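Right, one structure below, let's go through it.
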Amino acid sequence: MAESKAPERRLKRALGPLDLTALGVGATIGAGIFAMTGTAAAGQQTATSGVLDTPVLSLMLGSAVNGRPAAGPAIMLSFVLVAVACAFAALCYSELAAMIPVAGSAYTYSYATLGELLAWIIGWDLILEYAVGNIAVASSWSGYFVKLCLSLFNFKFPLWAVADLKTAHALIAQGGAATGAYSSVVLPKLLGHEVALNLPAFLVVALLTGLLVRGITESAALNTAMVILKTTIVVFFIALGAFYVHPSNWHPFAPNGFTGVMSGAAIVFFAFIGFDAVSTASEEARNPQRDIPIGILASLAICTVLYVAVSAVLTGMQSYTHYVDDAAAIATAVEVIHKPWIEAVISAGAVAGMTSVLLVFQLGMPRIFMSMSRDGLLPPVFAKVHQKYRTPYVTTIVAGVAVGVPALFTDVGWAADLTNIGTFFAFVLVCGGVLALRRTQPDRPRPFRCPASPWFPLAGIFVCGALMIALPVLTWIRFFVWLAIGLAIYFLYGRTHSALAQPPVAVVTEDAA
């Protein structure tokens, strides 16, 4: 905390409780609700078989399936289950954020409570959560943006300019309606190889990166506007769709029982990722001890109510079986109304929703880099703050390149699961951090206290652990490979350059002076 107050490292404190709540809602309502709800309700079917495509939970229950069992209308229960898991974690986040109001989120809390090695692991894990998740969000944003331009202006892009090569080939193979939204489906060649680039995905990340370098106040203002727009459109969908709900579509309610509910929960958890991003802005909150807990808990409550209502309407308008392999389930649902302008409104909400998600995650990732650099685990350049704008401009640009360039070429279909497992792991360590600090420093002032300790933190560990088990084995393998790469970097660089490995140096702050 003393290091964060050093003049050359100090960030601009400009965010109040409303700004922080908007950041939480902005990061949470996005690709998850617009893209993952239908997938979780209808299940996932894979073309391959074998243990690598099978959820670990199904193996444990003795009902292994190929792909993901459908939750059906019980997707509503999946959302409630995830909300409970997130609530336990949110209370623990709030306690640590009020005690340690420093940028870095779970990384900083793990560093202060569980030690440097676990902190490095969780920091590396959070980079995975934010970067890989945002690559997927940027790709999804591009798809909705293309649909919006077609609906509003009847403007068609050439396929090669708005899709990665894999997606472009898949659309060409489908033909017909799949390619009718593009002015050309002929892919140009460079040195004998076909070329396809997702330019909208790259450009939106580049624009948001420039805005984030410019300042936190401007970024928060744009985010708040996007949050108001997308929340209005989500409420519009709920209110309008309620008139087209047929209760018969809710039968059977849980076609695959508890297994389907848990599998759905593991998928839709992607829709809840983001409320924890509020804690990455701790150093920019005017009164972090009070406002960070408000932002975390209020954003989680708002999103939970909206998610359950959306899932009820979605599965009531059409049978859940209509949403198999559908990445735009809400747009599919409103087709029963037969009003193209409504589809345009939904696309606008999706674009606004994912814009704010991109903004908040691109805001959070640089601050994690910055915190790790302050501790010596990354080179000192990552801790630089812009003299005029008081933003971590170096890491903001690095984060923009790390997300924008891969978004040009890849469609990360597995990003949701990989992002989910990283977040579950972060939540488990944050809950464990509360337990550790309660034991080692019971008398330290706690402006916000997680209630019913140790039971709530233990419940958070148990529920998040159970949801991790519901993820496919292949996701676990990818996760361990990512952690292995991170540990190699830590032992080759971070451990020897760590602040803990150096002689202690007095930190002089303006307050001390």
Side-chain angles (χ1 to χ4, degrees), residues 24-25 27-30 32-33 36-37 39-41 55-57 60-61 68-69 71 74-97 105-106 109-110 122 125-126 129 133 254 258-279 293 295-308 310-311 416-435 450-472 475-476 479:
V25 175
T28 307
I29 297 180
I33 187 63
M36 303 305 298
T37 306
T39 300
V56 181
L57 178 69
M60 294 178 62
L61 297 178
R68 295 288 190 87
I75 186 65
M76 290 179 271
L77 297 182
S78 299
F79 274 115
V80 172
L81 177 62
V82 174
V84 171
C86 289
F88 292 133
L91 291 168
C92 294
Y93 262 99
S94 297
E95 176 170 321
L96 293 181
S105 187
Y109 310 148
S110 298
I122 200 62
D125 177 55
L126 287 172
E129 173 191 338
F258 179 71
T259 302
V261 172
M262 285 293 290
S263 179
I267 296 174
V268 301
F269 189 83
F270 188 75
F272 278 90
I273 292 172
F275 75 86
D276 59 314
V278 175
S279 61
I296 291 174
L297 297 173
S299 60
L300 178 61
I302 292 169
C303 294
T304 299
V305 172
L306 292 176
Y307 284 172
V308 173
V310 165
S311 60
D417 280 341
L418 198 55
T419 304
N420 284 351
I421 195 170
T423 308
F424 287 137
F425 188 57
F427 285 5
V428 167
L429 286 186
V430 168
C431 293
V434 168
L435 293 176
C450 175
S453 182
W455 305 114
F456 275 16
L458 287 173
I461 293 172
F462 174 78
V463 177
C464 290
L467 290 171
M468 288 178 75
I469 293 174
L471 292 168
T475 301
W476 282 84
F479 179 61

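The figures here come from the full heavy-atom set of this structure, side chains too, leaving out hydrogens, waters and symmetry mates. Because the structure is predicted, anything quoted here is derived from the model rather than measured.
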Note to self: How long is the straight-line distance from CE of Met262 back to CG of Leu77, given to the nearest 0.5 Å?
What the structure shows: 12.5 Å
Next item on the list: Evaluate the side-chain proximity of Val428 to Cys431: yes if any heavy-atom separation is below 4.5 Å, no if none is.
Entry: no
Next item on the list: Please name all residues satisfying side-chain contact (heavy atoms from CB on, under 4.5 Å) with Leu306, sequence neighbours left out, ordered by chain then number.
Entry: Ile29, Thr231, Val234, Val235, Ile238, Ile302
Check: If you take all heavy atoms of Val82 and Ala265, which pair is closest and at what distance?
Finding: CG2-O, 3.3 Å
Item checked: Residues forming a ring pair (Phe, Tyr, Trp, His ring centres under 6.0 Å) with Phe427, sequence neighbours excluded -> Tyr93, Phe269, Phe275
Margin query: Show every salt bridge (charged side-chain N to carboxylate O under 4.0 Å, His left out) that has at least one partner inside residues 83-95, sequence neighbours left out.
Written below: Glu95-Arg438, Glu95-Arg446
Item checked: Heavy-atom closest pair, residues Gly260 and Ser78 -> O-OG, 4.4 Å
Show me the donor-acceptor pairs within less than 3.5 Å that the side chains of residues 455-464 make with the rest of the protein, sequence neighbours left out.
none

Item checked: Ser299 OG to Leu297 CG distance, which is reported to the nearest 0.5 Å -> 7.5 Å
Checklist line | Residues which pass side-chain contact (heavy atoms from CB on, under 4.5 Å) with Ala83, listed by chain and number, not counting sequence neighbours | finding: Phe272, Thr304
Note to self: I need the minimum non-hydrogen distance between Val261 and Ala74, along with the two atoms involved.
What the structure shows: CG2-CB, 3.8 Å
Notebook entry, point to check: Looking only at atom types and distance, does a side-chain atom of Trp476 sit under 3.5 Å from a main-chain N or O of Ile421, one as donor and one as acceptor?
Noted result: no
Notebook entry, point to check: Say you draw a straight line from CD1 of Ile296 to CG of Leu91; how long is it, rounded to the nearest 0.5 Å?
Noted result: 9.5 Å
Note to self: Nearest 0.5 Å, please: how far is OH in Tyr307 from CG in Leu300?
What the structure shows: 10.0 Å
Check: Looking at Cys450, Ser453, Cys92, which one forms a side-chain contact (heavy atoms from CB on, under 4.5 Å) with Leu435?
Finding: Ser453
Next item on the list: Mind checking side-chain hydrogen bond (donor to acceptor under 3.5 Å, both in side chains) for Ser94 and listing every partner two or more places apart, or none if nothing turns up?
Entry: none
